[in-house]
Amino acid sequence: MCRVIAICTSEKKGTQKKEVPGALLKADWGIEGDAHAGKWHRQVSMLAVEKIEAFRARGAEVDYGAFGENLIVEGYDLRNIPVGTRFAIGEAVLELTQIGKECHSHCAIHKAMGDCIMPREGVFTRVIRGGKIRPGDEIQKLPLDAERPFTAAVITLSDKGYAGEREDKSGPRACEMLKAAGYEVIETLLLPDGEERLKKELIRLADQRQVNVIFTTGGTGFAERDVTPEATRAVCDRMAMGIAEAIRVHSLAITDRAMLSRAVSGIRGKTLIVNLPGSPKACGEGLEYILPPLGHGLGILRGTEGECGR
């Protein structure tokens, strides 16, 4: 049986979480009274007791809550459960939203042991339905809904936009079109042109948040700082150039300058990454063209749709 071993909370951020006898989960908020609750995607953190025990076996003296986890659970290899999976604990329902997290500054555990398991083994959830929980409660993993919306992220690359010298119109235009098409846009970012920051965000969104598709807009031209295609190629496991080529062909019917686009498209894990033009008009035209057939490919990637051999 998979069950809750312990529940930990903290009243203030930056303080260690301590065990509590029970907790109230509030929908779209988290654990009542916990400092990390709020309207975001990391409302309740989970860590497997098996990982904690293995860490203790290496000589670490750590209490439950020491890694910042809210729920210590038994029976699940959390890291290998896909984002979007839902867990029922009594009347409450949690949805997995992120695998692992970036460690910005090494915690006391890392400084003492040279390692910390939370960044790679911890997972994060949001509360879909509230309810009371306590140690010993059974956890049921619910089947993935094949009809759930595809998730998307939109990243705008623009030095002037990032500096506040130009309004970003392409990113909001893409978000508006995606939402109208039924996608759930879970993150939007405005970044300066450049390769390293973009690579870092593409990896995070694909690996930790497991977003179905990431659209970038901007940075695909001939300027020295236009390196969006290079960053995209660097993080992809496989290329899917038919999408980028289709956008170019479609755009060429509108303007011959479309031949100057260096945009690419590819796949990292189960995430599709598509470069769109930086111009709001061209961005909208390209996205409008590829959206109708895109769902089939995304369904294959996440395993909810089969390939067809027409």
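One is the number of the first residue; the rest follow in order along the sequence.
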Please name all residues satisfying salt bridge (charged side-chain N to carboxylate O under 4.0 Å, His left out) with Arg126, sequence neighbours left out, ordered by chain then number. Glu95
Determine whether a donor-acceptor pair (N or O, by modelled atom type, separation under 3.5 Å) exists between the side chain of [X] and the backbone of [Y].
X      : Y      : result
Ser170 : Gly278 : yes
Thr156 : Thr217 : no
Arg173 : Gly284 : no
Arg42  : Gly38  : no
Glu74  : Ala48  : no
Arg248 : Ser261 : yes
Arg268 : Asp237 : no
Thr85  : Pro82  : yes
Asp159 : Pro192 : no
Asn212 : Thr151 : yes

Which heavy atom in [X] sits nearest to a heavy atom in [Y], and how many Å separate them?
X      : Y      : value
Ile273 : Cys236 : CD1-SG, 4.1 Å
Ala244 : Ala263 : CB-O, 3.5 Å
Ala92  : Gly131 : CB-N, 4.0 Å
Ser158 : Asp193 : CA-OD2, 3.7 Å
Val185 : Cys175 : CG1-SG, 4.0 Å
Pro21  : Pro135 : O-CD, 3.2 Å

When rounded to the nearest 0.5 angstrom, what is the spacing between [atom1] in [X] and [atom2] in [Y]?
X      : Y      : atom1 : atom2 : answer
Leu191 : Arg197 : CG    : CZ    : 5.0 Å
Trp29  : Leu24  : CH2   : CG    : 13.0 Å
Arg166 : Leu190 : CZ    : CG    : 11.0 Å
Asp226 : Arg262 : CG    : CZ    : 6.5 Å
Gln16  : Phe67  : CD    : CZ    : 9.5 Å
Gln208 : Gln98  : CD    : CD    : 4.5 Å

Start with the C-alpha distance between Thr271 and Val213, add both sets of side-chain angles, then the distance that settles side chain to side chain contact (heavy atoms under 4.5 Å, CB included), and finish with yes or no. CA-CA 5 Å; Thr271 298; Val213 58; 5.9 Å; no
Exercise: do [X] and [Y] side chains pair donor with acceptor under 3.5 Å:
X      : Y      : value
Gln43  : His36  : no
Thr255 : Arg257 : no
Thr220 : Asn275 : no

Once the angle between the rings of Tyr289 and His250 is folded into 0 to 90°, is it parallel (under 30°), tilted (30 to 60°) or perpendicular (over 60°)?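 Answer is parallel, since the angle falls under 30°.
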Which residue in the set Thr216, Ile214, Ile247 passes side chain to side chain contact (heavy atoms under 4.5 Å, CB included) when paired with Val274? Ile247
Quick one: does [X]'s side chain get under 4.5 Å of [Y]'s, heavy atoms only?
X      : Y      : result
Arg120 : Lys101 : no
Met177 : Tyr183 : no
Tyr76  : Lys141 : yes
Val123 : Thr97  : no
Gln140 : Ile89  : no
Phe215 : Ile290 : yes
Asn70  : Cys8   : no

For Tyr64, give me all partners under ring pair (Phe, Tyr, Trp, His ring centres under 6.0 Å), at least two apart in sequence or on another chain.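 For Tyr64, no residue satisfies ring pair (Phe, Tyr, Trp, His ring centres under 6.0 Å) once neighbours in sequence are set aside.
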By ring pair (Phe, Tyr, Trp, His ring centres under 6.0 Å), which residues pair with His41, not counting sequence neighbours?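 So His41 forms no ring pair (Phe, Tyr, Trp, His ring centres under 6.0 Å) with any residue.
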Could you check Phe87 against Leu96 for side chain to side chain contact (heavy atoms under 4.5 Å, CB included), going step by step and ending with a plain yes or no? CA-CA 8 Å; Phe87 303 94; Leu96 188 62; 4.3 Å; yes
Might you work through the side chain to side chain contact (heavy atoms under 4.5 Å, CB included) test for Ile243 and Leu294, ending with a clear yes or no? CA-CA 9 Å; Ile243 299 170; Leu294 201 62; 4.0 Å; yes
I'd like to know if [Y] and [X] are part of one continuous hydrophobic network [Ile/Leu/Val/Met/Phe/Trp/Tyr, side-chain heavy atoms within less than 4.5 Å].
X      : Y      : value
Leu198 : Tyr162 : no
Ile99  : Leu94  : yes
Val4   : Val49  : no
Ile72  : Val127 : no
Ile267 : Leu291 : yes

Ion pair check, Lys281 and Glu285, cut-off under 4.0 Å: yes
Can we say Glu184 and Lys179 salt-bridge, meaning some charged N sits less than 4.0 Å from an Asp/Glu carboxylate O? no
Could you go through the salt bridge (charged side-chain N to carboxylate O under 4.0 Å, His left out) check for Glu32 and Lys132 one step at a time? CA-CA 10 Å; Glu32 187 176 68; Lys132 293 181 179 180; over 6 Å; no
Could you tell me whether [X] atom [atom1] has more than 12 heavy atoms of other residues or ligands within 6.0 Å of it?
X      : atom1 : result
Arg56  : CZ    : yes
Lys169 : NZ    : no
Glu288 : CD    : no
Arg148 : CZ    : yes
Glu91  : CD    : no
Glu165 : CD    : yes

Checking side-chain hydrogen bond (donor to acceptor under 3.5 Å, both in side chains) between Asp34 and each of Lys26, Lys13, Lys17, which is the one that passes? Lys17
Could you walk me through whether Val73 and Leu47 pass the side chain to side chain contact (heavy atoms under 4.5 Å, CB included) check? CA-CA 6 Å; Val73 306; Leu47 188 61; over 6 Å; no
